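Shown next, in structure tokens, is the structure this report addresses.
Not measured: the values here are computed from a predicted model.
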Amino acid sequence: MEHMRSIAEKAAVMDECVYILYKVGDVYKFCREGENWSGEFVEFIFP
């Protein structure tokens, strides 16, 4: 989770937008706020 959070933080700063960190099964993923996603919400990542 820490590795994906780190990547999401960098992406949020570069894109200047909020990302959502979420979990699907045992895998952590992230996407931009407003995109469709499914899984267990973990946290918002702000730039």
So which heavy atom on P47 is nearest to which on C17, and how close? CD-O, 3.7 Å

If you link ILVMFWY side chains whenever their heavy atoms are less than 4.5 Å apart, which other residues fall into the same cluster as W37? By chain and number, please. V18, I20, Y22, V24, F41, F44, F46

Is the number of heavy atoms from other residues, nucleotides or ligands within 6.0 Å of NZ (K10) greater than 12? no

Residues in side chain to side chain donor-acceptor pair (under 3.5 Å) contact with E9, at least two apart in sequence or another chain: none

Atom CD of residue position E16 - does it have more than 12 heavy atoms of other residues, nucleotides or ligands inside 6.0 Å? no

How is the hydrophobic cluster of Y28 composed, in terms of its other members, when Ile, Leu, Val, Met, Phe, Trp and Tyr link through side-chain heavy atoms under 4.5 Å apart, directly or indirectly? M1, M4, I7, Y19, L21, F30, V42, I45

